[in-house]
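All remarks here apply to the structure that follows.
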Amino acid sequence: MMIMLFELVFIGFGTVARGLAELLLEKKEELKSKYDMKYQVVAISDIRVGSILDGRGIDLRKALKLADAGENLESLPAQRKGLSAIETIKESHSNAIVEATWTNIIDGEPGYSHIKTALSLGKHVVTSNKGPISLHYRELMRLANNNYVRLKFKGTVLSGTPAFNLFDGALAGCSVSSIRGIVNGTTNYILTEMEKGLDYKKALKEAQRLGYAEADPTMDVEGGDAAAKIAILSNVLLGANIKPDMVKRKGISSITKEEVLGARKRGDRIKLIAGAEKKDNTIKAQVSPVPLPVSDPLANIMGVMNAITFETDCLGNFTVVGPGAGRRATGYALLTDLISIAKS
Ligand SMILES: NC(=O)c1ccc[n+]([C@@H]2O[C@H](COP(=O)([O-])OP(=O)(O)OC[C@H]3O[C@@H](n4cnc5c(N)ncnc54)[C@H](OP(=O)(O)O)[C@@H]3O)[C@@H](O)[C@H]2O)c1
């Protein structure tokens, strides 16, 4: 029996990375007994909580406790401190990188450079960062293949809820012809609140108060986040080669309470739908608010929940429903990616 030993580096140690750290600690024994997977964290580099590298291993429990308390990791014993993300990737003797810095869908940086550097050095990469994957999927996959390593990015769509990874596991051999989904929890929450009678501005304020929406909500409410996700889904499942700016999109910021309530009266619900379809070898992808009859499974997805309906050749239509964000749910996505690498 072959044991996979991950010598892990965390690049970005915020919400999601710490969700993974927590699960790695919690499931250490199970990972070994069920999946023949062991790990040692050899570096963490984060511009907010500090940077430490130690080939003999870092005490992950202590690092997590410090970061959660908002304290600097550099108070821990380590061979090297203060290295940048790129220096950390280059100088650590690691075989896998967890990339969980911020999403940038203009040029994919800094995640794009982190992932490129790691793959070029023959290190596996798991990431929840939509920027580099939605913009540079083909190039990065080629780089991974040329270097005989894996690039996994389950957490970029629907966090830990199964989406495209279904099709190389449980649904291997099944082909997808179209995708329709609610892939942004913030906008779905706002539309749900508007159905209760709030106007758009009040619903957005409530989403911000609860931490579902950023202070600058543009990426969510104008459909940019959903466009990046449907671009990733289209490229992976439909063989497309599109970038987020090629996705036709309309957000929800101009939707009125009257429109939402009027749709309800007609037996519909307005949902922000990210869709993509393959027809005659061309792929069309778009994001827009659509009135859906309540008989449609997507019409019944409320609050921050996400869902995707896949149209397939073997199963017809089926829908997956689950959380699309959160520390533990997205940390779990990174864990499933590591397990999938260990299994392969
Ligand atoms: N949170 C979710 O539920 C969720 C769900 C799905 C996908 N994602 C994606 O997962 C990624 C991580 O999300 P998150 O919620 O964990 O974000 P986060 O809490 O903001 O954590 C990101 C961390 O990376 C640090 N960082 C930024 N640039 C860096 C650099 N060049 N080198 C080293 N560290 C750097 C940040 O420091 P500063 O804060 O100082 O910039 C921050 O501590 C994002 O791409 C996000 O879109 C998140």
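Whatever order the structure lists ligands and atoms in, that order sets their numbers, starting from 1.
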### Task
Just jot down the ligand 1 atoms closer than 4.0 angstrom to any heavy atom of T103, in number order.
44 (C), 45 (O), 46 (C), 47 (O)

### Row check, Y39 ring normal vs K28 NZ/CZ: under 6.0 Å, within 45°
yes

### Query
Backbone or side chain, does any N or O of T15 fall under 3.5 Å from an N or O of ligand 1?
yes

#### Entry: Partners meeting side-chain contact (heavy atoms from CB on, under 4.5 Å) with S178 (sequence neighbours left out)
E277, E311

### Task
For G326, counting its heavy atoms only, list the atoms of ligand 1 lying under 4.0 Å from any of them.
2 (C), 3 (O)

### Task
Can you sort out which atoms of ligand 1 are near G155, meaning under 4.0 Å from one of its heavy atoms?
6 (C), 7 (C)

### Task
Identify, for atom 32 (N) of ligand 1, the protein heavy atom at the shortest distance, and state residue, atom and that distance.
A85 CB, 3.8 Å

### Query
So, F167 versus F164, ring centres under 6.0 angstrom or not?
no

### Within reach of ligand 1, part of S128 (heavy-atom separation under 4.0 Å)
both

### Task
Return yes if a side-chain donor-acceptor contact under 3.5 Å exists between N188 and K271, otherwise no.
yes

### Message
With a heavy-atom distance limit of 4.0 Å, tell me whether S84 approaches ligand 1 through its side chain, its backbone, both, or neither.
### Response
neither

## Note on the structure
Looking only at non-hydrogen atoms, the one of M219, R48, H114, R18 nearest atom 38 (P) of ligand 1 is R48

### Query
Nearest protein heavy-atom contact for atom 12 (C) of ligand 1: which residue, which atom, what distance?
A100 O, 3.4 Å

#### Entry: Identity and distance of the protein heavy atom lying nearest atom 25 (C) of ligand 1
D46 OD2, 3.4 Å

### Query
atom 1 (N) of ligand 1: which protein heavy atom is closest, and how many Å away?
V16 CG2, 3.6 Å

### Message
Tell me whether S159 has any N or O atom under 3.5 angstrom from an N or O of ligand 1.
### Response
no

### Query
Would you say atom 20 (O) of ligand 1 touches the protein, meaning some protein heavy atom is under 4.0 Å from it?
no

### Message
Within the protein, is there a heavy atom lying under 4.0 Å from atom 17 (O) of ligand 1?
### Response
no

### Query
If you measure from the Lys or Arg side-chain nitrogens to the Asp or Glu carboxylate oxygens, is any gap between D268 and R264 under 4.0 Å?
no

### Query
For ligand 1, is any non-hydrogen atom under 4.0 Å from T330's backbone (N, CA, C, O), its side chain (CB onward), both, or neither?
side chain

#### Entry: Which residues share a side-chain contact (heavy atoms from CB on, under 4.5 Å) with K62, sequence neighbours left out
D59, L76

#### Entry: For P110, the ligand 1 atoms whose distance to one of its heavy atoms is below 4.0 Å
31 (N)

### Message
Would F13 count as being in polar contact with ligand 1, using the rule that some N or O on each side must be under 3.5 angstrom apart?
### Response
no

### Message
Any salt bridge linking E26 with R328? Criterion: basic side-chain nitrogen under 4.0 Å from a carboxylate oxygen.
### Response
yes

### Message
Distance under 4.0 Å to a non-hydrogen atom of N129: what atoms of ligand 1 satisfy this?
### Response
45 (O)

